[in-house]
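What follows is a short report on a single structure.
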Amino acid sequence: RGLAWVVVAPTMRTRARLFVWTLAQPQDCREIGVPESAQPLVSASHICSTQPMRAGSPPGLLLVAKNGLLVFWPNTQADACTQLHITFEEEGDYPVSLTSCEPAGHALASYKGHLLMVQTRTPTGRASLTYQRVWRPAEGNLLAGISRRVSTLFGFGAAAKGESSTTITRVLPGRAFPDGRLVIVLTQRGLQLWRMHVSAPHELKHQADLLDANDQPQDELLEAINQTVGYSGQSVVLNDIQLHGSGVVLLVSILPKGEGVVNFLTGYIPFSAEESWVLLNFAPPFQESLREQFTSGVSLIVPPETTNLFLVQRWDGLVFAGKVPTEELEGSQMEFAHGQIIAGAGSLSKNMLCVLQGGSLVQVGFPESEAAEDVSEQAFSATATAQSDDSTAAPSSSSAGAITSTADVSSTALQVMHAALTKYIQGDQDGAFAMVSREVGGSTDALSALLFRLSEGILDAAPTNDPRWAEESDRRTDEYSATVSRIILKQLESKRDRHDQFLRFMSDIQTDQLQDVVLRGHKVPVLRAVLEHAEKIASIIALRTLQTQPQSQSLVATAVFAVLQYRKITVSEDDVLGPQDIFYKQISKVEDVFPALIESFSSHARALGNSATRDKELVQLLHAANELVEVMLREAREYRRRCADIWHVQLRDTAPMKPWTSEEAVRSVLKQLHGLTFQMAQGEQGRQAAALYQQAHLLSDFLLDGYLSERSLPGSDEALEEVFVQTRTELLTPFVGAGQTD
């Protein structure tokens, strides 16, 4: 008789909606009317199910809004509810999670680390709402007469040191006992074990501080780090905990001081005996811009009926699968690159269920027949993709159609290449090349594929996550903010700088021995492929620079939303990254902006209707659209020419390739813009007409330049020559007729 629910995120026109159904009758899904005072409804983590008020009745539902309003529906088949407002003691505090710990009540954790217990009924069983403050970070246990005891329950014999943490990361309900339930709390610095009672004061039974007041590891955690990766002042983060057997599995990340790799340590901490620690065979590359993601964007999933564990990087869809680090089984590990943002993840009985940002569900797990000690990466990957009902739910982590190499590219190998590049940038060239040599041996296929994927990874790396940079106004209004943040531009410039360093790294490798990769269905030299990546970075920086100018802001912002709609990406107000962040993150697909630009122009034109200023405004819009295309294509072309000068020796013996700016999607947009521009120029006079004719000339030049590039490709035939001559005639003849021959 369990209850399930889903929160539909709000839009600019609608508020959040809440739907519930019982697991026994999923077809009876109904919407519950959330009071206006409880909006905005932030996420499903602010809701939990309650025990039925009486035998045979459906479960109740408890909700806490971001403003602290508690709402309780004793019967989800009816709209009647009880409300109570929580008063937080600190300014700026708000709820972050609500966890069912019945029969003792519901644990509510706040942003600033306060722990409250909410009860939904009176001792006589009547529906009501009350709450009790249990833990305040500055003062610890608020319940008089209950002393704080620290023991070896978690395997740590030393007393807790320093002040308590100010942040609660996770609240887990443990086993029930006759008068309540055990509750485990993960704070910023340690673990707490509570006995939450129904009819007696709550007790903090044990506390283990794993980090001191300066967030430095201590005691057994410090020893475990020293025995695995060595401790030299790195940042240590307690990411997550999950129940397993008679204890908890704790996930700890060790972040480097600068660029490098992140090391993950898992500890199995039983409620008795000694703990055990295992370093996961998983070390993703780290950049300072990803610090926030590695701190708060990593989840641990431990299905209850197995010793499997899953580590989920929610921001990039990377899932690591391994085993619980018990003394009996330290387990096998593997990686599965999912390639999409994971909005949420949870446990089934034996596997993990991922909810992708687009709404797809993917079940990830091990084959039933595999031996516990012998798990292959191939078997894990096949299981994860085969169990998805949506063929688009588990794409490769590379861009669509980007690379098909004779060598497989594993996530581990790619991480090694990231680490080697970091060593190279730091001046340790010998160490960098030694890492590459150990990883690829003598395989030029593997090296070619890895270099391409490394280059592409730099292009599509997640932007720095800092809420101070969020362009909130873009999410709540159709008007683009008058004060556009320049942070995204700086992030793009940082990607350009790193890619330049990558090109120097690549130049010191014997590029003449590299193999071709497949790009857009054609075999091309890997050097030309990664130089195209550099072109795209230059092009998108030009776009973002133009977007900071008032006359282009609205058009570009509309085009960005059109691109996300084309990619079927939905962005809600709860998402960490806004539409601009997501669009500018995926540089490898920058060409998507061109068809979206035409759609944006058409949308503006329809909105103008038959207004008196329609023609004038359309000319201004078209001028801005042309300028955007010109800036992007000119920058790409100029960068291509500069690269030809710099890399002429390396490129001399390689086959040319068709530029991305000559692909049919771009070419079609150029033709449409050329026709519109010439048509409007004929209806204008003076400077305005001259400016439009000049833009039409430039568009013609870009179109013909694409055909000229294509004519130089191996295998070009007379048919292409005929198309070029015909297109040139069609483009230039109208100018002669209009007297525009300069």
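Heavy-atom basis, side chains included; hydrogens, waters and symmetry copies ignored. It should be emphasised that the depicted structure is a prediction, and the values quoted were computed from it without experimental measurement.
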Nearest-0.5 Å distance that lies between atom OH in Y584 and atom CD in Q547: 3.5 Å

Atom pair CD/OG of E663 and S668 - distance to nearest 0.5 Å: 12.5 Å

Partners meeting side-chain hydrogen bond (donor to acceptor under 3.5 Å, both in side chains) with Y424 (sequence neighbours left out): D508

Distance check, rounded to the nearest 0.5 Å: N626 atom CG versus L676 atom CG? 8.5 Å

D500 meets the side-chain hydrogen bond (donor to acceptor under 3.5 Å, both in side chains) criterion, sequence neighbours left out, with none

Looking at F583 and I540, what are the two nearest heavy atoms and their distance? CE2-CD1, 4.4 Å

Starting from the C-alpha separation in whole Å, work towards a yes-or-no answer on side-chain contact (heavy atoms from CB on, under 4.5 Å) for F505 and I425. CA-CA 8 Å; F505 170 67; I425 294 171; over 6 Å; no

Ring-plane angle category for H674 and F678, please: parallel below 30°, perpendicular beyond 60°, tilted otherwise. parallel

Checking R606 now: which residues fulfil side-chain hydrogen bond (donor to acceptor under 3.5 Å, both in side chains) with it, not counting sequence neighbours? E599

Within the distance-only criterion (no hydrogens, no angle test), does the side chain of S602 pair as donor or acceptor with the backbone N or O of I598 below 3.5 angstrom? yes

With side chains defined as the heavy atoms from C-beta onward, is the minimum distance between R634 and L698 less than 4.5 Å? yes

Count the heavy atoms belonging to other residues, nucleotides or ligands that lie under 6.0 Å from CD of Q565, then report whether that count exceeds 12. no

Minimal heavy-atom distance between L454 and L414, with the atoms involved, is N-CD1, 3.7 Å

Report the residue from R667, R640, E535, R637 that forms a side-chain hydrogen bond (donor to acceptor under 3.5 Å, both in side chains) with T661. R640

Distance alone, cut at 3.5 Å: any donor-acceptor contact between the side chains of R498 and Q501? no

Under 3.5 Å side-chain donor-acceptor pair for S296 and E292: yes

Value for CE (M632) from CZ (R544), rounded to nearest 0.5 Å, stands at 13.0 Å

Within-4.5 Å side-chain heavy-atom neighbours: K585 and Q491: no

With sequence neighbours left out, which residue pairs that include part of residues 724-735 fulfil the salt bridge (charged side-chain N to carboxylate O under 4.0 Å, His left out) condition? none

Whether E31 side chain and R17 backbone form a donor-acceptor pair below 3.5 Å: no

Where do L421 and I458 land on the side-chain contact (heavy atoms from CB on, under 4.5 Å) test, with the steps shown first? CA-CA 11 Å; L421 175 59; I458 296 171; 4.0 Å; yes

Can you tell if the side chain of F286 reaches within under 4.5 Å of the side chain of H418, non-hydrogen atoms only? no

Return the minimal non-hydrogen interatomic distance between A534 and L503, and the atom names on each side. CB-CD1, 4.4 Å

Nearest heavy-atom pair of H533 and S455: which atoms, and what distance? ND1-OG, 2.6 Å

Note, V526 side chain near M506 side chain (heavy atom, < 4.5 Å): yes

For a side-chain contact (heavy atoms from CB on, under 4.5 Å) with L673, tell me which candidate from L628, L703, V629 qualifies. V629

Before you tell me yes or no, could you show the steps for K589 and R567 under side-chain contact (heavy atoms from CB on, under 4.5 Å), namely the whole-Å CA-CA distance, both residues' side-chain angles and the distance that decides it to 0.1 Å? CA-CA 10 Å; K589 296 183 179 180; R567 295 177 185 170; 3.4 Å; yes

Distance col, row L618:CG vs M680:CE, nearest 0.5 angstrom, shows 4.5 Å

N/O donor-acceptor pair under 3.5 Å between K495 side chain and I537 backbone: no

Closest non-hydrogen atom pair, G92 against Y111: O-CD2, 4.2 Å

Do side-chain atoms of K523 reach the backbone of V518 as a donor and acceptor pair under 3.5 angstrom? no

Give a yes or no answer on whether the side chain of S507 reaches the backbone of R504 with a donor-acceptor pair at less than 3.5 Å. yes

Between L633 and L670, is a side-chain contact (heavy atoms from CB on, under 4.5 Å) present by the stated rule, with each step listed? CA-CA 11 Å; L633 295 185; L670 290 176; 3.7 Å; yes

Rounded at 0.5 Å granularity, tell me how far CG in L459 sits from OG in S588. 6.0 Å

Among residues at least two apart in sequence or on other chains, which ones pass side-chain hydrogen bond (donor to acceptor under 3.5 Å, both in side chains) with D93? S110

To check you understand the geometry: which heavy-atom pair defines the closest contact between L492 and I587, and what is its length? CD2-CD1, 3.8 Å

Residues forming a salt bridge (charged side-chain N to carboxylate O under 4.0 Å, His left out) with E638, sequence neighbours excluded: R641

Donor-acceptor check, side chain of S448 to backbone of D516, threshold 3.5 angstrom: yes or no? no

Do F452 and V524 come within less than 4.5 Å of each other through their side chains, counting heavy atoms only? no

